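Everything on this sheet refers to the single structure shown next.
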Amino acid sequence: MSDQTKAAPSSNTTVVDDPYKRLEITLNPNGSLTRNPNRFPNTSATPDPDPTVPVLSKDVTINQTTQTWARVFLPRQKPLGTNKFPLIVYYHAGGFIHCSAASTIFHVFCSNMALELQAIVVSVDYRLAPEHRLPAAYDDAIEALLWIRTTQEEWLTQYANFTTCFVMGSSSGGNIAYHAGIRVAEEADGLRPWKIRGLILHQPFFGGSVKVESELRLVNDPVLPPGVGDLMWVLALPIGADRDHEYCNPTTTKGTNLMEKLATVGWTVLVTGCDGDPLIDRQVELAKSMEEKGVKVVSHFRMGDHHGVDFMQPDKANALFLVLKDFIASATSVAL
């Protein structure tokens, strides 16, 4: 294994049959990955489709040097009068190593979310690990927020309500949304005339050196066995970092100190999860730790299901969108 791919081992890493095979990746001598191009098919944006398509989408460049970009989703039916759409900035899942904003699974999810919530969704494409280890994805997340603040992209300037913004991510994207939120909270004035109302952490991906009960209970989980998660962290964390680095484990002393920044800006944080997900105990602990630090937290944990279920079952996605709709309405009603 190249030195570029070595991170400190967990104290009790769970071994699965072959996590590289599970993830359909091959580690190259230079530390990069060869990914199966057919594992996650892509869908093109539809900036001006057939009138029967209810949500338009377009791709816009954020940084030509780093090759980051975003896909913007706009409901075809515009708000009445002078009303504008709430804005959701979204970071996709993929364990930091897979997928993009063009991946079909996230294109469909964001398109449906824009329609059901009647919101503009900006799905950010960030750099992947291990070619670009953390905090590269966090840097890209922040750059996307700053780009949105200054862009003259007409879909945003004409139709987005910049006083009603939410930062959201799924799985590893939830981790990115959390850490981007902390950075923004440190420099909240720098994003005016924004008014970020809250964070939405959808089945967020966190870890730790010692396995928690849900990871032990679901060690053979078919979707996200802890051993696969271990490999994702090995590939994503900075060289030499262990699983208790604050990027991975926000409930360590340093991690909980960072949480205080979220309390100072008055945002509300939604954390969602299910008890069929090996990550559930970490998500519950995250919500508890934030509450103890004075952060306003809304938790939505349900029985059964599995990690990523909302991408695979439309009825589960629709149920999630109802939760998000209520959360956005509630958070928007609170004065900041």
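Residues take their numbers from the sequence shown, with the count starting at 1. None of these values were measured; they are calculated from a predicted model.
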Would you call [X] and [Y] a salt bridge, using N to O less than 4.0 angstrom?
X	Y	value
Arg302	Asp310	yes
Arg243	Asp230	yes
Glu260	Lys254	no
Asp305	Lys316	yes
Asp277	Arg282	no

*Parallel, tilted or perpendicular: which fits the ring planes of Phe96 and Trp233, with parallel below 30° and perpendicular above 60°?*
tilted
*Should the pair Phe109 and Tyr90 be assigned to parallel (<30°), tilted (30 to 60°) or perpendicular (>60°) ring geometry?*
tilted
*Output all residues satisfying ring-ring contact (aromatic ring centres under 6.0 Å, His included) with Tyr159, sequence neighbours left out; order by chain, then residue number.*
none
Centres of the [X] and [Y] rings: under 6.0 Å?
X	Y	answer
His202	Phe311	yes
His107	Phe73	yes
Phe327	His300	no

*Show your reasoning for whether salt bridge (charged side-chain N to carboxylate O under 4.0 Å, His left out) applies to Arg183 and Asp139.*
CA-CA 10 Å; Arg183 286 199 193 179; Asp139 295 340; 2.7 Å; yes
Using the rule that two of Ile, Leu, Val, Met, Phe, Trp, Tyr join whenever any of their side-chain heavy atoms come within less than 4.5 Å, decide whether [X] and [Y] are in one cluster.
X	Y	result
Leu134	Ile25	yes
Leu262	Val298	no
Val60	Leu146	yes
Val122	Tyr138	yes

_Can you confirm if the NZ or CZ of Lys58 lies within 45° of the ring axis of Trp155 and under 6.0 Å from the centre of its six-membered ring?_
yes
_Does Phe106 form a ring pair (Phe, Tyr, Trp, His ring centres under 6.0 Å) with Phe40? I'd like the steps, not just the answer._
CA-CA 10 Å; Phe106 303 121; Phe40 296 102; 7.5 Å; no
_Just to verify, which of Asn38, Thr34, Asn36 counts as forming a side-chain hydrogen bond (donor to acceptor under 3.5 Å, both in side chains) with Glu24?_
Asn36
*Under 4.5 Å between any side-chain heavy atoms of Leu324 and Ile200, yes or no?*
yes
*Starting at NZ of Lys293, measure out to CE of Met259 and round the result to the nearest 0.5 Å.*
8.5 Å
